[in-house]
Amino acid sequence: MSRYWSKIVKELDPYVPGEQPRDRRYIKLNTNENPYPPSPSVIAAIRHAANDLLKLYPDPNCQELRDTLAQYHGVEPGNVFVGNGSDEILALAFFTFFKQDEPILFPDVTYSFYDAYCNLFSIQARRIPVREDFRIDLSEYVEPNGGIIFANPNALTAHCLPLSEIVGLLERNTGSAVVVDEAYIDFGGDTAIPLTRIHPNLLVIQTLSKSRSLAGLRVGFAVGNEDLIEGLERTKNSFNSYTLDRLALAGALEAIKDEEYFQMTCRKVIATREWTAKELSKIGFSVVPSQANFILVRHASHPSRELFQKIRNEGILVRYFDKPRVRDYLRVTIGTEEEMRTFVEKLGVLVQS
Ligand SMILES: *Cc1c(COP(=O)(O)O)cnc(C)c1O
């Protein structure tokens, strides 16, 4: 710790990303990346954009990408905000909407960046316990609050809420912003984007990192009422006007256009998830029902912490969270069919010994 750090930095509790080791080749099932490469047309578009124009700043309004996203989701360009990954949009949203007198509400088991942002911006939070089966119960989000955020499907648990329950929350909670983080929505859930037309306090955030195989490009977007989008713009333009570079803008635009490739890879991930869940249950695992590109699992007789190490020694990385409520589980990202076959085979051997 340096004496030059500000008081708030001394007290930060930063988010810890999953490991990206380089010591050997692993089957990476630990950070919820897509196992399939980006669409070839995305790579071509990025290559094409690597030209002399890089000497110029990119469009600070990202207009072409916003227009394309608006058309794709049936809203107006003024309802769309884009950012350098959805993490950046989440940070801007916490600052823009959640610095209020009342604490904000979010699930106790969820994406740990929400805690990090509360810390960074000195926002008070109340963590509402998810149910025993890890379902989020929105009927418990009733107290006065400075905002509500949850991931749908939820991070870690992969549980997905039906839109009817989100509508119920929005009808009760009209006095503060409600942010739905849909990083995993394309793997089987229904997006709340259409609800943004009716509910002026709803912001839906999505990312190209997971379902569009572009974690390395850093592009996310948000959809909501124009007032919400304008608030995000104000914050962004007080911090960094050029959050998306020219290569990212070119690649993202193409990723949204290549619907066929997107649908195909999502279908494959979903099919492999169902296969993996079935095979794991045959060898003694319980699997929390998932609508995401990962599953939360535990074995009846082998502690997850041990399995995490043993499978790592076999060259396969999964995620173990030494945190209340989930420390009995492993979170496993869905890889390719072949990767998951290897994973199930190696686990099968480990749990028999
Ligand atoms: C992966 C993830 C994000 C971050 O996505 P980026 O766009 O890569 O920043 C946001 N929220 C949740 C719940 C995630 O799992």
Side-chain angles (χ1 to χ4, degrees), residues 28-29 31-48 62 64-75 77 79-80 82-83 85-86 89 151-155 158-163 166 180-197 204-223 247-278 289-295 332-341:
K28 271 192 91 271
L29 309 178
T31 46
N32 294 350
E33 288 138 333
N34 200 305
Y36 301 105
S39 147
S41 65
V42 168
I43 307 292
I46 294 170
R47 287 221 167 93
H48 188 69
C62 307
E64 203 182 350
L65 179 56
R66 285 169 72 175
D67 291 349
T68 302
L69 283 164
Q71 198 181 11
Y72 186 85
H73 286 292
V75 295
N79 299 120
V80 179
V82 299
S86 57
I89 304 177
N152 196 48
N154 198 10
H159 164 241
C160 192
L161 287 162
L163 283 188
I166 298 176
V180 184
D181 178 354
E182 292 189 337
Y184 302 107
I185 198 70
D186 296 321
F187 300 107
D190 291 324
T191 176
I193 286 177
L195 302 177
T196 59
R197 294 168 160 276
V204 177
I205 302 181
Q206 293 193 5
T207 175
L208 274 57
S209 293
K210 283 39 186 263
S211 57
R212 307 255 177 193
S213 306
L214 287 170
L217 201 67
R218 313 306 303 131
V219 183
F221 64 93
V223 179
L247 304 184
L249 287 169
L253 193 65
E254 195 52 44
I256 301 302
K257 288 182 180 164
D258 196 345
E259 178 71 9
E260 200 180 322
Y261 185 87
F262 162 69
Q263 294 289 351
M264 178 189 71
T265 48
C266 286
R267 269 200 308 274
K268 284 208 275 192
V269 169
I270 292 167
T272 308
R273 175 185 74 210
E274 298 309 310
W275 179 86
T276 306
K278 194 170 66 169
S290 167
Q291 306 264 59
N293 67 338
F294 61 91
I295 47 177
V332 182
T333 304
I334 302 302
T336 62
E337 275 171 67
E338 194 192 338
E339 287 172 331
M340 298 321 277
R341 226 178 293 123

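Only heavy atoms go into these numbers, but all of them, side chains included; no hydrogens, no water, no symmetry mates.
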Gap separating the CG atom of Leu29 from the OG1 atom of Thr336, nearest 0.5 angstrom: 8.5 Å

Candidate pair Ile270 and Ile334, rule side-chain contact (heavy atoms from CB on, under 4.5 Å), full reasoning: CA-CA 8 Å; Ile270 292 167; Ile334 302 302; over 6 Å; no

Validation row: Lys28, Thr333 side chains within 4.5 angstrom (heavy atoms): no

Min side-chain heavy-atom separation Arg341-Trp275 under 4.5 Å: yes

Contact check, side chains of Val269 and Pro35, non-hydrogen atoms, under 4.5 Å: yes

Considering all heavy atoms, the nearest Ile89-Gly83 contact: CD1-N, 3.6 Å

Heavy-atom pair with the smallest gap, counting every atom of Ser209 and Arg218: OG-NH1, 3.4 Å

Side chain Arg273, main chain Ala292, donor-acceptor under 3.5 Å: yes

Verdict with reasoning, Thr191 to Gln206, per side-chain contact (heavy atoms from CB on, under 4.5 Å): CA-CA 9 Å; Thr191 176; Gln206 293 193 5; 3.4 Å; yes

Heavy-atom side-chain proximity of Leu208 to Phe221 below 4.5 angstrom: yes

Lys210 side chain reached by Asp186 side chain, heavy atoms, under 4.5 Å: no

Test: Arg212 cationic atom under 6.0 Å from Tyr72 six-membered ring centre, within 45° of axis: yes

Nearest non-hydrogen partners of Glu254 and Ala45, listed with the distance: CB-CB, 3.9 Å

side-chain contact (heavy atoms from CB on, under 4.5 Å) between Ile166 and Asn152, intermediate numbers included: CA-CA 10 Å; Ile166 298 176; Asn152 196 48; 3.8 Å; yes

Side chain to side chain, Phe294 and Phe187, heavy atoms closer than 4.5 Å: no

side-chain contact (heavy atoms from CB on, under 4.5 Å) between Val80 and Val75, intermediate numbers included: CA-CA 8 Å; Val80 179; Val75 295; 3.8 Å; yes

Asp258 versus Ser39, closest heavy-atom pair with distance: OD2-OG, 2.7 Å

4.5 Å side-chain heavy-atom contact, Val219 and Leu65: yes

Residue of the set Asp67, Leu69, Thr68 for which side-chain contact (heavy atoms from CB on, under 4.5 Å) holds with Pro77: Asp67

Non-hydrogen side-chain atoms of Ile43 and Pro38 separated by less than 4.5 Å: yes

Residue Glu274 excluded, over 12 heavy atoms near CD under 6.0 Å: yes

Shortest non-hydrogen contact from Ile46 toward Gly251: CG1-CA, 3.6 Å

Which atom of Asn34 lies closest to which atom of Ser213, heavy atoms considered: CG-OG, 3.2 Å

Atom CD of Glu337: over 12 foreign heavy atoms under 6.0 Å: no

Option passing side-chain hydrogen bond (donor to acceptor under 3.5 Å, both in side chains) with Gln263 (candidates Glu260, Glu259, Arg267): Glu259

Test item: Asn154 side-chain N/O and His159 main-chain N/O as donor-acceptor pair under 3.5 Å: no

is_close_aromatic(Tyr261, Tyr36), centroid dist under 6.0 Å: no

